[in-house]
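Take a look at the structure below.
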There are 4 protein chains.
Amino acid sequence: MIIRLDMQSDVPIYTQLMNQIIEGIASKQLAPGEYLPSVRSLASDIGVNLHTVNKAYTLLKQEGFIQIHRQKGVVVNPDGMPGITPDYQHKQEAQLRPVIAEAICRGMDKAELLRIVESFYDEITQEPKENA
Amino acid sequence: MIIRLDMQSDVPIYTQLMNQIIEGIASKQLAPGEYLPSVRSLASDIGVNLHTVNKAYTLLKQEGFIQIHRQKGVVVNPDGMPGITPDYQHKQEAQLRPVIAEAICRGMDKAELLRIVESFYDEITQEPKENA
Amino acid sequence: MIIRLDMQSDVPIYTQLMNQIIEGIASKQLAPGEYLPSVRSLASDIGVNLHTVNKAYTLLKQEGFIQIHRQKGVVVNPDGMPGITPDYQHKQEAQLRPVIAEAICRGMDKAELLRIVESFYDEITQEPKENA
Amino acid sequence: MIIRLDMQSDVPIYTQLMNQIIEGIASKQLAPGEYLPSVRSLASDIGVNLHTVNKAYTLLKQEGFIQIHRQKGVVVNPDGMPGITPDYQHKQEAQLRPVIAEAICRGMDKAELLRIVESFYDEITQEPKENA
DNA sequence: GTGGTCTAGACCACC
DNA sequence: GTGGTCTAGACCACT
């Protein structure tokens with residue numbers, strides 16, 4: 001899978017990394033049970049610090065997206081993804097509301113906004129299953 | 001308008017403030033041309049430093065949501081809100097994609113996601129015009 | 001003469017006022033010996049505070065552009081404009097250098113910059129001598 | 001590069017700093033991709049508060065002259081300088097007109113003014129590439 | 001009284 | 001060690 005990082009963004013690298021991996025799973029480029037690169041190799045591949053990759057992996061593990069086995073490596077959680085918990089719903093609301101509010105301010109009507117969300121949804125789910 | 005801040009959140013206070021004000025405008029609790037509290041009074045009202053409020057106001061001004069008139073105070077931009085610029089679209093995509101990707105991972109189908117977005121849209125636009 | 005003020009600009013009103021009057025003199029819309037409106041009437045005409053107009057007039061007087069006669073009013077200096085003093089040259093350099101440096105940074109070549117300066121020069125000196 | 005600040009000037013320190021850095025770029029004393037001192041070291045070097053330097057850097061970043069990489073430092077924008085946008089042209093006019101108008105008032109003819117502008121242009125572009 | 005600027009000093013996130 | 005954020009408190013320019 002191709003990882004794209006924007007070193008100039010104000011979004012922390014480890015967050016971008018998490019997002020990319022989550023999008024990889026969502027698009028089925030990464031399947032449950034599939035191995036991810038080791039912390040070391042990924043870090044050297046994308047040219048970031050070990051700690052940064054480690055932090056991303058640790059947080060993904062905490063949220064249940066991946067499992068980290070000492071010595072054996074990192075796999076996409078073979079037991080399936082975490083579900084829609086109340087905690088997640090709150091987090092999602094906190095992320096979504098400001099985006100929606102700004103869209104309203106800027107004069108985007110509901111149909112247009114839904115069209116955009118739908119198109120991203122389709123774009124992600126229809127991404128080609130290429131392996132990197 | 002009632003401002004709610006979460007001092008424990010990792011979202012900077014000035015960002016929370018910006019979001020609240022933008023949602024206030026989106027919900028028409030704040031109308032174009034309406035005055036916002038002065039930096040100092042708002043700061044003391046919500047119990048933060050005046051520089052924090054100042055930063056939120058300055059950023060909102062840069063994005064075109066409000067105007068800051070020297071020595072007269074701060075008003076919601078009476079010339080209307082900023083439009084849907086390419087810059088904004090990129091920012092919106094960067095905000096939206098990770099949220100959508102995580103929703104997909106967690107097994108939320110498209111209809112459910114659109115339902116949620118729509119319900120927030122309605123919730124914001126239909127908030128009662130109460131003054132605080 | 002028509003005075004245009006931008007209340008949203010970060011340039012102080014009194015400075016804008018000074019600039020407008022200086023441009024009025026430069027364009028010969030205001031001739032040496034000609035009377036300017038009183039502080040009171042100008043202030044009410046353009047909708048600003050008395051003190052603001054007063055400050056602009058006082059500074060213009062200090063620089064030698066106008067004379068203020070108690071009771072009789074304010075006139076464009078009939079003895080002619082101030083000349084090109086060393087002080088003025090320093091001020092001009094301080095104003096000009098940053099503008100030129102930024103133009104260079106943005107890739108504006110010398111001919112283009114000179115063309116722009118020349119066009120403003122012409123625009124000001126050729127403004128119609130209308131009276132307001 | 002040598003930074004000169006006038007603490008007595010009514011021009012804010014952060015603005016003077018911005019101007020100096022822009023002139024440094026214009027004169028090629030600072031090349032795209034080159035690192036600038038850290039906020040803290042520059043602040044202590046020139047004897048101002050780190051917030052003042054931070055403000056200058058942040059504004060320069062917003063205008064596209066520099067990039068701020070989290071935890072890595074500040075570099076002159078390696079992707080090149082911002083171009084000549086309509087916004088910039090308006091700003092430039094607002095800066096230039098008053099200077100030109102005053103020059104006209106004081107009896108400076110067009111040739112003389114153009115000569116001065118040209119000489120500053122040459123002075124900036126021909127500054128020796130000395131490192132400090 | 002308003003926002004703008006500056007200082008001083010602290011803690012945190014990131015790498 | 002880097003920038004980012006927040007606090008506290010001061011002075012100033014402007015209206």
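The basis for the numbers below is simple: all heavy atoms, side chains too, and nothing from hydrogens, waters or symmetry mates. Lettering of chains follows the sequences in order, A, B, ..., and the numbering in each one begins at 1.
What you find for C:Pro82 and C:Gly64 is that their closest heavy atoms are CD-O, 3.5 Å.
Counting only heavy atoms from C-beta on, C:Lys55 has its side chain closest to F:dC14 among F:dT5, F:dC14, E:dC14. Listed nucleotides: F:dC14, E:dC14, E:dG4. Nearest to the side chain of B:Asn54: E:dG4. Checking E:dT7, F:dT7, F:dG4 against every side-chain atom of B:Val48, the shortest atom distance belongs to F:dT7. Closest to the side chain of B:Met7, out of F:dA13, F:dG4, F:dT7, is F:dT7.
Taking atom CD1 on B:Ile68 and atom P on E:dG3, their separation rounds to 8 Å, with Å as the unit. In this entry the distance linking CG of B:Asn49 with P of E:dA8 reads 17 Å, nearest Å.
Taking the nucleotide of DNA chain F with the nearest heavy atom to each of B:Arg70 and D:Leu50, the more 5' of the two is matched to D:Leu50. Taking the nucleotide of DNA chain F with the nearest heavy atom to each of D:His51 and D:Gly73, the more 5' of the two is matched to D:Gly73.
B:Ile13 comes within 4.0 angstrom of sugar-phosphate atoms only, judged by non-hydrogen atoms across all strands, and of no base. When heavy atoms are screened at a 4.0 angstrom cut-off, A:Tyr14 is found touching the sugar-phosphate backbone but no base atom.
For the residue pair B:Glu102 / A:Gln95, no side-chain donor-acceptor distance below 3.5 Å is found, with atom types taken as modelled.
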